[in-house]
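So that the names make sense, note that chain A is the first sequence line, chain B the second, and so on, each numbered from 1.
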Amino acid sequence: MKRFDTTVTSIRPVAEGCFELRFDWPDDAGVPAPGRFFTIKAGGRYDPVLRRPFAFSGYAPPVAGERDGEAAFIFQVRGRGTEFLAALKPGDPLDVLGPLGRGFGKPPRGTRPMLVAGGIGMGPMLYLAAALGADAKAGLCEAPMLVIGVRSAGFIPDVELPAGTVICTDDGSSGFHGTVTEWLAGFDPGLPPVFYACGPAPMMAAVDRLAEVRSAPFEAALEQWMACGVGACAGCAVALKSGRYIKTCVDGPVYDGRLVDWGAAL
Amino acid sequence: MKRFDTTVTSIRPVAEGCFELRFDWPDDAGVPAPGRFFTIKAGGRYDPVLRRPFAFSGYAPPVAGERDGEAAFIFQVRGRGTEFLAALKPGDPLDVLGPLGRGFGKPPRGTRPMLVAGGIGMGPMLYLAAALGADAKAGLCEAPMLVIGVRSAGFIPDVELPAGTVICTDDGSSGFHGTVTEWLAGFDPGLPPVFYACGPAPMMAAVDRLAEVRSAPFEAALEQWMACGVGACAGCAVALKSGRYIKTCVDGPVYDGRLVDWGAAL
Amino acid sequence: MSGTSSGTARGMVPAKLDLTVRIGDLVMQNPVGVASGTFGYGEEYEDLVDIDCLGALYTKAVTPEPRPGNPAPRLADTPAGMLNSIGLANPGLDAFIADKLPRLRARRCAVIVNVAGGTEDDYLRVLDALEAQDGIVGYEINISCPNVAHGGLSFGTDPVQVERLTRRLVDAVGSRAMAGAEARCDRLAGRGRRPLIVKLSPNVTDIAAIAKAAEAGGAVALSCINTLVGMVIDIKTKRPVLAMGSGGLSGPAIRPVGVAMVYKASHAVSIPVIGLGGISDADDALQYLLAGAVAIQVGTAIFSRPEAPLEILAGIREFMEREGIEQVADIRKLLR
Amino acid sequence: MSGTSSGTARGMVPAKLDLTVRIGDLVMQNPVGVASGTFGYGEEYEDLVDIDCLGALYTKAVTPEPRPGNPAPRLADTPAGMLNSIGLANPGLDAFIADKLPRLRARRCAVIVNVAGGTEDDYLRVLDALEAQDGIVGYEINISCPNVAHGGLSFGTDPVQVERLTRRLVDAVGSRAMAGAEARCDRLAGRGRRPLIVKLSPNVTDIAAIAKAAEAGGAVALSCINTLVGMVIDIKTKRPVLAMGSGGLSGPAIRPVGVAMVYKASHAVSIPVIGLGGISDADDALQYLLAGAVAIQVGTAIFSRPEAPLEILAGIREFMEREGIEQVADIRKLLR
Ligand SMILES: Cc1cc2nc3c(=O)[nH]c(=O)nc-3n(C[C@H](O)[C@H](O)[C@H](O)COP(=O)(O)OP(=O)(O)OC[C@H]3O[C@@H](n4cnc5c(N)ncnc54)[C@H](O)[C@@H]3O)c2cc1C
Ligand SMILES: Cc1cc2nc3c(=O)[nH]c(=O)nc-3n(C[C@H](O)[C@H](O)[C@H](O)COP(=O)(O)OP(=O)(O)OC[C@H]3O[C@@H](n4cnc5c(N)ncnc54)[C@H](O)[C@@H]3O)c2cc1C
Ligand SMILES: Cc1cc2nc3c(=O)[nH]c(=O)nc-3n(C[C@H](O)[C@H](O)[C@H](O)COP(=O)(O)O)c2cc1C
Ligand SMILES: Cc1cc2nc3c(=O)[nH]c(=O)nc-3n(C[C@H](O)[C@H](O)[C@H](O)COP(=O)(O)O)c2cc1C
Ligand code: FES
Ligand code: FES
């Protein structure tokens with residue numbers, strides 16, 4: 001974990017209101033593993049005050065004597081922080097703190113990794129899909145399956161999707177007409193599934209129910225407002241079904257989705 | 001007077017920590033005469049709140065079917081507003097309100113216009129020098145004389161200076177070694193002088209004394225923090241020797257320098 | 001209550017939207033006003049704002065005698081805000097009536113005079129004189145002024161003083177026939193009383209107690225909030241930037257404080273509350289309306305962007321269309 | 001008073017600069033602390049901040065029992081600021097002593113425990129238990145907590161309550177031999193009392209009255225200010241963003257309010273005042289020191305930039321060199 005000033009290497013639109021931004025990742029900062037995140041100071045001197053958290057959507061390690069490490073994320077423009085990011089150009093400075101939090105665990109042998117992405121939850125799932133895809137090629141796990149849910153075709157990210165990726169659209173403008181969970185309900189993964197998901201709370205709640213029915217593990221990437229990002233402020237609390245709170249930034253963002261109280265104010 | 005969104009046409013460094021910025025000036029906004037000013041929203045959505053005032057350093061009227069009108073100003077980087085401006089590039093948007101306030105009056109026939117500029121007071125005096133120079137060529141007034149005072153050679157603006165411009169530097173690194181008022185004290189303008197000045201309060205106070213000694217008129221371009229810029233808030237008050245206050249934005253910024261209380265908190 | 005009664009002749013308002021706001025006997029054509037001290041007497045902003053489209057114009061404070069205002073500098077820049085110590089600079093009651101009121105009378109928006117003073121009698125003198133004038137539709141009482149008799153502590157910090165001052169002023173406001181500009185803002189009746197609106201100071205421990213005191217004194221409505229006390233020190237000159245030392249903090253920085261206080265005040269009283277403090281766009285205004293305000297005022301944001309008030313009005317209208325709300329007063333019912 | 005006594009073994013401080021701050025029997029190596037609730041118990045920031053170089057670390061509030069904290073969401077973003085409603089989430093007194101204190105004891109900076117509770121006895125219980133522990137150099141009493149016995153109104157809004165609570169707590173703090181970390185922060189004597197610092201709430205009509213009450217109760221110093229009450233409403237969900245409705249506003253937005261209150265409080269009492277509220281760079285810190293504070297704390301700015309506290313320390317040092325000031329306590333004398 002480190003706070004550092006780095007440089008934007010590229011930025012491009014990848015879907016309606018969404019961009020992919022890449023930047024130099026210093027070698028000594030730590031490993032930006034799938035599911036982990038970082039925060040950016042996105043704005044002027046005084047405003048906004050809170051750094052904005054984003055999950056890695058990819059990482060290319062440095063090649064000695066050739067190029068630096070490069071991290072990537074996909075973001076949706078929502079407010080003044082992401083408007084600021086959308087206006088960045090290659091070469092612009094970027095103030096980054098990371099890598100932070102816990103990433104995804106490895107799927108046990110003999111299970112089917114089912115990766116479910118909704119909306120801005122896309123980035124971390126794409127990165128996880130790539131990582132598990134490589135693991136599967138190396139025979140370390142079964143081939144992962146990526147299921148993406150978006151409102152309509154315009155929101156499908158213009159990035160290289162793993163072969164076999166399932167697209168679900170709410171309006172039927174592309175792929176399966178319906179939600180990811182509707183699609184999942186009708187799908188037989190062949191092997192006992194392990195669910196990995198990142199997306200809006202209602203989707204996560206649906207995956208939770210599905211995981212319960214199938215007695216499957218569920219690794220959920222959580223989202224919550226953050227202040228410190230390092231466990232110091234207790235601001236990023238997410239309620240568990242037990243009534244306890246966890247800190248998203250250090251206990252998560254990847255946490256056992258079966259324990260999370262998805263009904264609470266997430 | 002108008003608030004409008006326009007475009008930066010050029011920006012370049014002209015002296016240590018100083019830039020000249022040019023932008024499209026819409027035809028229907030009114031005439032940006034020497035001594036008048038405009039305000040810019042220089043920053044993000046919430047910060048800073050107050051628009052930043054600047055005096056015109058030049059204006060090129062539109063040429064029908066060829067080019068738009070173009071206004072220019074010279075600014076010094078001081079805080080977050082001017083830092084924002086210094087980072088602008090041609091083509092960037094600019095939020096402008098103007099033209100505002102009262103400009104310089106014309107010198108009476110048979111008087112010598114003595115133009116005194118100090119520090120960031122440069123811009124309006126350069127513009128006035130150009131305008132009176134043209135008037136003088138047209139036989140409407142005597143040739144103006146521009147006297148510029150800066151700390152050292154690095155602060156002399158890299159712009160076309162009128163022939164005969166006198167440079168004074170505090171450290172003697174260029175031109176006359178001393179202040180503008182020291183130089184003026186030893187100069188005989190030949191004709192009864194009219195003083196025009198813009199600069200730091202101590203310089204203005206010195207010009208005021210000089211004008212008093214020579215019983216000369218003194219048109220001073222004032223500076224004061226501003227909020228509305230249009231006379232509505234009474235925030236930009238400057239004290240007169242009489243104890244009364246004027247509003248810099250509508251009673252000025254060009255005001256009778258002999259009446260101003262230069263000793264007050266300006 | 002029907003849409004047509006609110007639409008004015010300008011036809012800007014769709015048939016079903018009712019943007020009118022009722023404050024006692026007064027009807028404003030829409031909920032967006034411009035805050036006292038930030039819009040002068042209107043004429044200064046004529047080139048930049050279509051004043052007739054505003055809901056209300058709250059004048060700069062009027063005091064019995066002319067006041068030159070505080071020493072300069074009077075302004076300072078702060079993070080997402082500003083400080084002012086204008087100090088009630090105004091031409092005084094007589095000049096207001098002679099020079100400013102004639103132009104204000106011709107406005108189509110509700111003209112509300114902000115009244116200030118150093119003693120209770122000061123306020124009364126202004127009110128008495130204005131009662132004899134037409135073209136005014138209401139009074140906003142600035143109780144953040146230092147009370148000369150109480151060693152300069154503001155009137156607005158003590159419930160007992162607030163209630164007494166309010167009662168004295170309310171008693172001075174009579175029922176009257178409406179004429180000219182007043183009649184335009186009053187579509188309910190030919191007669192009525194000009195509402196007395198008490199403008200609360202946020203520099204208090206318990207805004208609910210002050211709000212209740214004003215209500216008990218007979219205030220018809222409340223405005224909430226005035227500026228917070230703040231100070232900026234210039235570390236180069238080693239002096240406060242304001243000649244007066246401290247001043248009033250306004251702008252986006254204080255918006256969360258204003259929303260919290262409007263929520264608290266509007267849930268403590270049953271008279272309407274007009275919300276202000278740091279409103280710079282329609283979302284900000286809607287926060288206040290959801291918090292319990294029946295109308296809002298835009299102040300500092302006008303300095304950043306003179307179009308802000310009318311853009312905010314357009315945004316409120318869009319919100320009502322989107323949410324299917326017909327009457328602006330119903331927005332607060334949406335709060336969950 | 002000589003430069004060498006302040007320099008610590010790190011040799012960062014030029015011979016003539018004395019950055020030490022005296023708060024009662026306590027000596028801090030420099031005036032820059034990290035504010036309660038924004039720095040956890042230090043360990044969370046170990047990778048990012050050289051904690052030993054800080055002047056002081058004020059812990060997250062400690063209460064007798066563990067507290068889970070408020071429902072989520074607990075944070076909201078505001079113009080140049082933020083809201084929090086963490087709600088005193090902490091592991092409780094016993095876990096604090098068992099799990100957090102050991103690591104804190106090893107710090108070279110002054111460790112000051114922020115104490116909170118819902119009743120006077122809560123505060124006393126924490127204080128009594130901590131008196132039996134070493135490695136703590138002072139207590140900061142958070143009087144912004146809702147007082148259960150007074151219907152939830154904060155302790156800090158009523159001078160009578162403040163004086164009584166302060167007196168009870170002061171009486172509980174005994175003179176003691178200094179050991180370990182304490183001794184490092186105490187270069188004056190082998191024995192002393194841990195200073196009781198009362199942390200004032202800004203949500204009051206008259207901060208001077210509260211400051212005087214704390215002084216009368218025997219407080220050794222004051223911290224000023226805690227957060228302002230604020231609210232943000234999400235106009236999409238039509239709910240307050242914070243699950244608790246309102247929360248505490250902090251960050252640059254409140255800096256002018258903090259500076260004004262520190263000016264007022266420090267000129268009303270003769271005990272030292274520690275300034276905080278929106279400090280994000282050395283200039284901000286110097287505004288507080290000029291306003292009358294003897295030391296400062298950095299809170300929200302740490303979230304934006306973890307290096308802020310030590311950069312601020314460097315900036316204060318540069319200022320002292322530039323201005324030729326040897327003792328940090330003399331900065332306030334520069335105010336004109
Ligand atoms: C661990 C983590 C990883 C994330 N990864 C991504 C990512 O890969 N791509 C991406 O586009 N976004 C991601 N987000 C969300 C992202 O941080 C917010 O969208 C962003 O901060 C919005 O900032 P803004 O200033 O543009 O919007 P604001 O104006 O601040 O907010 C706009 C809206 O977004 C919502 N919002 C803002 N921040 C958060 C947040 N932290 N949690 C939940 N809701 C929020 C608010 O409800 C608000 O209505 C992640 C959040 C977390 C906590
Ligand atoms: C009518 C008028 C014309 C002006 N013309 C020019 C010009 O042509 N070129 C130019 O460089 N500057 C000009 N100024 C000053 C310019 O407005 C300020 O330098 C600028 O606003 C600083 O903004 P900032 O955010 O960069 O600095 P801030 O961080 O806001 O301030 C930096 C320092 O500048 C001083 N300052 C800021 N604004 C003002 C102001 N309005 N009046 C006096 N002092 C101020 C403050 O004391 C502060 O210490 C003019 C001001 C006025 C009122
Ligand atoms: C320059 C200035 C002058 C003001 N003058 C007055 C005044 O005369 N009377 C009054 O009641 N409020 C006055 N106010 C307070 C505003 O009306 C308003 O309550 C406050 O600024 C908060 O709103 P805002 O953040 O939208 O500006 C003034 C505010 C400013 C910025
Ligand atoms: C997330 C958060 C948690 C806080 N927790 C506490 C606390 O437990 N006890 C306390 O006295 N103050 C607490 N505070 C208040 C700060 O210590 C400080 O007084 C306030 O934030 C103003 O300073 P700042 O603007 O520099 O943050 C907290 C502030 C924040 C932002
Ligand atoms: S963001 Fe501070 S604890 Fe998680
Ligand atoms: S800036 Fe408002 S009156 Fe001049």
Side-chain angles (χ1 to χ4, degrees), chain B residues 1-5 28-30 39-53 78-82 95-100 201 222-240 242-250 260-266, chain C residues 34 37-49 59-61 67-91 237 239-244 247 249-253 255 278 280-281 284 299-308:
Chain B
M1 178 203 322
K2 209 177 125 132
R3 206 225 37 94
F4 53 93
D5 296 303
D28 61 347
T39 62
I40 298 184
K41 175 96 176 93
R45 180 148 151 213
Y46 294 123
D47 186 72
V49 159
L50 293 179
R51 302 176 71 88
R52 301 314 202 218
R78 302 181 72 176
R80 60 200 202 284
T82 45
D95 172 344
V96 173
L97 169 60
L100 301 171
L222 305 176
E223 278 194 20
Q224 181 56 285
W225 284 95
M226 289 184 180
C228 70
V230 300
C233 74
C236 59
V238 161
L240 300 185
S242 69
R244 277 207 320 121
Y245 291 102
I246 55 160
K247 294 176 184 170
T248 302
C249 68
V250 286
V260 173
D261 180 0
W262 298 106
L266 191 75
Chain C
V34 287
T38 63
F39 208 73
Y41 305 95
E43 55 198 54
E44 300 87 346
Y45 270 107
E46 252 161 22
D47 287 3
L48 298 169
V49 181
T59 69
K60 174 70 190 166
R67 296 219 191 183
N70 287 333
R74 297 177 177 178
L75 300 173
D77 196 64
T78 75
M82 60 173 282
L83 289 186
N84 86 80
S85 73
I86 310 299
L88 304 180
N90 83 99
T237 63
R239 281 203 271 231
V241 171
L242 301 179
M244 293 296 287
L249 180 64
S250 65
R255 191 241 294 147
S280 64
D281 58 28
D284 295 345
T300 300
I302 298 169
F303 302 151
S304 295
R305 192 171 168 83
E307 304 96 315

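- What you find for R51(B) and S304(C) is that their closest heavy atoms are NH1-O, 2.7 Å.
- Comparing M1(B), R3(B), K41(B) by heavy-atom pairs within less than 4.5 Å of chain C, the highest count is held by R3(B).
- With a 4.5 angstrom heavy-atom cutoff, E43(C) does not touch chain B via any of its atoms.
- If you measure heavy-atom distances from R80(B) to chain C, the contacts under 4.5 Å come from the side chain alone.
- The candidate with the highest count of non-hydrogen atom pairs below 4.5 Å against chain B, out of G251(C), G69(C), P79(C), is P79(C).
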Requested in this report: Report the C-alpha distance between V250(B) and E44(C) in whole Å, list the side-chain angles of each, state the deciding distance to 0.1 Å, and finish with yes or no for side-chain contact (heavy atoms from CB on, under 4.5 Å).
Outcome: CA-CA 10 Å; V250(B) 286; E44(C) 300 87 346; over 6 Å; no
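- With a threshold of 4.5 angstrom between heavy atoms, A253(C) does not approach chain B through any atom at all.
- Nearest heavy atoms, M82(C) versus L50(B): SD-CD2, 3.6 Å.
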#### Entry: Pair L97(B)-L48(C), side-chain contact (heavy atoms from CB on, under 4.5 Å): steps then yes or no
CA-CA 10 Å; L97(B) 169 60; L48(C) 298 169; 3.7 Å; yes
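- Ranked by heavy-atom pairs under 4.5 Å with chain B, the list I302(C), N70(C), T38(C) is led by N70(C).
- Within the 4.5 angstrom heavy-atom criterion, only backbone atoms of T78(C) (N, CA, C, O) approach chain B.
- In terms of heavy-atom pairs under 4.5 angstrom with chain C, the leader among C233(B), G79(B), A227(B), G231(B) is A227(B).
- Interface check for chain B: of the options T300(C), V241(C), I86(C), D77(C), the most heavy-atom pairs under 4.5 Å are formed by D77(C).
- The backbone N or O of A234(B) sits less than 3.5 Å from a side-chain atom of R74(C), completing a donor-acceptor pair.
- Annotation for Y245(B) and P71(C): closest pair OH-CA, 2.9 Å, computed over non-hydrogen atoms.
- Between N84(C) atom CG and W225(B) atom CH2 the span is 14.0 Å, to the nearest 0.5 Å.
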